[in-house]
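Structure first, commentary second.
Start at 1 with the first residue, then count along the sequence.
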Amino acid sequence: MTTAYPYNSKYPRTKQNNGGVMKNNLKYVTKPARDFLIEKLGLPEPDEFCQDWEYIVANASRIEEFLAFYEKTLLNIEERFALMVIIIASFNDYLNENNFSPLIWNRIKNLLEKDEAIHMNTILYWSLGDEDLEDCFAVTRYMREIKVRH
């Protein structure tokens, strides 16, 4: 899988690096971020034909674990971006299998709002603009609650 943005050591793993100097250009999960999450979270490695690894490894039963890791681990921008895609995909799966959980959603929403500069493309992707909700992801109605500053 080719990644559009190679790892950039300009964004090291720091507790407070919230992307303030970064323009929102992350649209793809990078190989270094993927490899980091595979190692730290025990996620399966992609095979040679794998596409959209971040959606394949989504797991509704691991949302709490993924959220705690995001909240408590020193992650660089690319790692936060990749992990949030997995978290949202996992929450989307959760919504397809369970009733809405305001506790889980509020944790996700707070992280998205806190790191909006990193996650703007992710928020816009899952929000699906002006599409009718019947034709959208289960998580779309909640993602639309987040107001992004373009």
Partner set under salt bridge (Lys or Arg N to Asp or Glu O under 4.0 Å) for Glu145, not counting sequence neighbours: Lys109
Working to the nearest 0.5 Å, report the span between CG of Leu75 and CG of Asp115. 9.5 Å
For Ala58 and Ser90 the tightest heavy-atom approach is CA-OG, 3.4 Å
Among residues at least two apart in sequence or on other chains, which ones pass side chain to side chain donor-acceptor pair (under 3.5 Å) with Asn59? Ser61
Picking from Thr30, Val29, Ile118, what satisfies side chain to side chain contact (heavy atoms under 4.5 Å, CB included) with Glu78? Thr30
Sequence neighbours excluded, the answer for side chain to side chain donor-acceptor pair (under 3.5 Å) partners of Asp35 is Lys31
If you count every heavy atom of other residues, nucleotides or ligands that lies below 6.0 Å from Glu45 atom CD, does the total exceed 12? no
Supply the atom-to-atom distance His119 NE2 to Met143 CE, rounded to the nearest 0.5 angstrom. 9.5 Å
Ion pair present between Arg107 and Glu64, side-chain N to carboxylate O less than 4.0 angstrom? yes
Intermediate values then yes/no, side-chain contact (heavy atoms from CB on, under 4.5 Å), Asn110 and Lys114: CA-CA 6 Å; Asn110 289 337; Lys114 180 179 85 103; over 6 Å; no
Distance col, row Leu111:CG vs Phe66:CZ, nearest 0.5 angstrom, shows 14.0 Å
Between side-chain atoms of residues 129-140 and protein atoms elsewhere (two or more places apart, or another chain), which donor-acceptor pairs fall under 3.5 Å?
residue : atom : partner : partner atom : Å
Thr140  : OG1  : Trp126  : O            : 2.9
Thr140  : OG1  : Phe137  : N            : 3.2
Thr140  : OG1  : Phe137  : O            : 3.3

Please report the interatomic distance CG(Leu124) to CZ(Arg144), rounded to the nearest 0.5 Å. 11.5 Å
For Lys40, all residues meeting side chain to side chain contact (heavy atoms under 4.5 Å, CB included), sequence neighbours excluded: Phe36, Phe69
Residues at least two apart in sequence or cross-chain that pass side chain to side chain contact (heavy atoms under 4.5 Å, CB included) with Glu65, listed by chain then number, are Leu41, Arg62
For residues 97-104, tabulate all N or O donor-acceptor pairs below 3.5 Å that involve a side-chain atom, not counting sequence neighbours.
residue : atom : partner : partner atom : Å
Asn98   : ND2  : Tyr94   : O            : 3.1
Ser101  : OG   : Ile104  : N            : 3.3

Over 60° means perpendicular and under 30° means parallel, so classify the ring planes of Trp105 and Tyr142, tilted if in between. tilted
Take Tyr28 and Asn121 through the side-chain hydrogen bond (donor to acceptor under 3.5 Å, both in side chains) test and state the conclusion after the steps. CA-CA 10 Å; Tyr28 305 100; Asn121 284 328; over 6 Å; no
Under a 4.5 Å side-chain heavy-atom rule over Ile, Leu, Val, Met, Phe, Trp and Tyr, are Leu43 and Ile56 clustered together? no
Looking at side-chain heavy atoms only, is the closest gap between Tyr70 and Ile86 below 4.5 Å? no
Within a strict 4.5 Å, meaning less than it, do heavy atoms of the Leu83 and Thr73 side chains meet? no
Atom pair CD/CG of Glu116 and Leu112 - distance to nearest 0.5 Å: 9.5 Å
How far does CZ of Phe91 sit from CG of Leu67, to the nearest 0.5 angstrom? 9.5 Å
Sub-4.5 Å side-chain heavy-atom contact between Ile146 and Glu113: yes
Any pair counted as salt bridge (Lys or Arg N to Asp or Glu O under 4.0 Å), so long as it reaches residues 119-128, sequence neighbours left out: none
Going by heavy atoms in the side chains, are Pro44 and Val57 under 4.5 Å from each other? yes
